[in-house]
Amino acid sequence: MLDAAPPQIVVVGSANVDMVVQVRDLPRPGETVLARSYHDFPGGKGANQAMAAARLGRAVSFVGRTGADDGADLVRGALAAEGVDVSELRSIEGEATGRAIVLVDADAENSIVVVAGANAALVAEHVHAAENAITQARVVVAQLEVPVDVVRAAAELTRGLFVLNPAPARRLDDELMALVDVLVVNEGEFEVLAGQSVTPDPAALPSIVRAAALPAAVVVTLGGEGALVCLGDEVTAVPAPAVDVVDTTGAGDTFVGALADALARDEPLVDAVQWAVCAASLSTGALGATTGMPRRHQVESLLAAQPTQASSQASTQASNQAPSPAPIPREAPMS
Ligand code: RIB
């Protein structure tokens, strides 16, 4: 059972130790390369997203599983240090904490291999143990580094907004997709779920989303290009600010955490995506998934320096109807 005071955000997902190796060039098949540096960092898409939202000031609870090992201490300690409630991040004897082997090259490109370990031992019953927190949260977030049944259990319990970041990508059934309020995907994930690539014509995006039975609110992250927001028949392009990039690992997780932060504050979806784009951009300035995650004042400063929304957005309506005033279909509970 989680704390009596309800969290604003619950993240259900993976916790890893990231074994981060800097190299000049990523090795080709059969090639051996020498590392420039090696570090262990806290990671895992779930833990990263929880950390990002907490660093921006939200009350966050994390539901996950680790082994009973040093890796668990690293991840749990990092989350707790940011104020994340880790009472439902439990250790399982006989399992190893998840690991990710992260190679980062001189151009800040990365390759990642995840060894699931204890993340694969997270089951629906563990999610049900956090029912009070999940039902009272304004936003619940999940990814796919844990079993799909776990994600389904979290979605079914959610009374606020359910945000799904289907990474690593896989096809999901329509019943689960119907429970998703906001889907956050990169271009590769969009292609897996929609069956076709993100169109260069924004006006075509809503019909692709509908044909694939994706949720009414889909956010496509475009790396250094920013993001596209597809909300019903309206598509809005949100550009990213130019920043110096050291490591893009975890930028997508920072995006999701910051989006959850803004949605928990009842920001409209496009404003929330602008906030998330700025947070994700800032996060790329340091090595490690969580090292560069910004604090609230840093995002506010970067956002204030951006062109106004009206001048910076390429907004398209595929129909002549006015957009729905309700930003996202399901209502968030009152806290
Ligand atoms: O999204 C980045 C994360 O993916 C890393 O922290 C790694 O642990 C993998 O889960």
Side-chain angles (χ1 to χ4, degrees), residues 11-22 26 38-55 62-67 69-79 82 84 89 95-105 108-122 141-148 150-151 163-170 184-189 192 219 221-224 227 245-260 276 279-293:
V11 179
V12 178
S14 58
N16 294 333
V17 173
D18 286 0
M19 304 156 68
V20 179
V21 185
Q22 276 186 302
L26 298 175
Y38 173 85
H39 300 276
D40 283 345
F41 287 114
K45 294 184 193 305
N48 293 344
Q49 293 171 13
M51 177 102 67
R55 205 169 276 183
F62 182 65
V63 180
R65 286 299 180 269
T66 64
D69 53 19
D70 291 350
D73 297 340
L74 177 73
V75 182
R76 186 176 286 105
L79 288 167
E82 293 294 340
V84 175
L89 174 59
E95 297 281 354
T97 297
R99 300 252 162 192
I101 299 145
V102 182
L103 302 183
V104 182
D105 75 9
E109 293 295 329
N110 64 44
S111 290
I112 302 178
V113 178
V114 173
V115 184
N119 295 306
L122 185 67
V141 181
Q143 329 74 33
L144 297 181
E145 284 185 336
V146 294
V148 171
V150 166
V151 175
V163 176
L164 179 63
N165 173 218
R170 54 178 287 184
V184 183
V185 286
N186 64 22
E187 291 169 272
E189 290 149 7
V192 171
V219 178
T221 58
L222 305 172
V245 178
V246 175
D247 181 8
T248 59
T249 310
D253 299 330
T254 304
F255 184 98
V256 173
L259 185 76
S281 300
L282 287 165
S283 75
T284 63
L287 187 67
T290 63
T291 318
M293 284 177 177

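Atoms within a ligand are numbered from 1 in the order they appear, just like the ligands themselves.
The closest donor-acceptor contact from the side chain of R55 to the backbone of M293 lies under 3.5 Å. With hydrogens and angles ignored, the 3.5 Å screen pairs no side-chain donor or acceptor of R99 with any backbone N or O of G117. N119 contributes a side-chain N or O that, together with a main-chain N or O of A15, makes up a donor-acceptor pair within less than 3.5 Å.
Taking any N or O of G44, backbone or side chain, at least one lies under 3.5 Å from an N or O belonging to ligand 1.
Protein heavy atom nearest atom 4 (O) of ligand 1, with residue, atom name and distance: K45 NZ, 3.2 Å.
Residue E145 approaches ligand 1 through these ligand atoms, each under 4.0 Å from one of its heavy atoms: 4 (O), 9 (C), 10 (O). Those atoms of ligand 1 with a heavy atom of G43 less than 4.0 angstrom away are 6 (O), 8 (O). Ligand-side atoms of ligand 1 in range of A289: 6 (O), range being under 4.0 angstrom from any heavy atom. Shown in contact with A100 at under 4.0 Å from a heavy atom are these atoms of ligand 1, numbered in order with element: 7 (C), 8 (O).
Under 4.0 Å from ligand 1, the heavy atoms of N48 that appear belong solely to its side chain.
Nearest heavy atom pair, residue L287 against residue H39, reads CD2-CD2, 3.6 Å. Here the shortest heavy-atom pairing between L144 and R170 reads CD1-CG, 3.5 Å.
With distances taken over non-hydrogen atoms, the option nearest atom 7 (C) of ligand 1 out of V17, V75, D18 is D18. When the options T290, D253, N110 are ranked by their closest heavy atom to atom 1 (O) of ligand 1, first place goes to D253.
Put simply, NZ on K45 and CG on N165 are 7.0 Å apart, with the number rounded to the nearest 0.5 Å. Once rounded to the nearest 0.5 Å, the distance linking CG of D18 with CD1 of I112 reads 7.0 Å.
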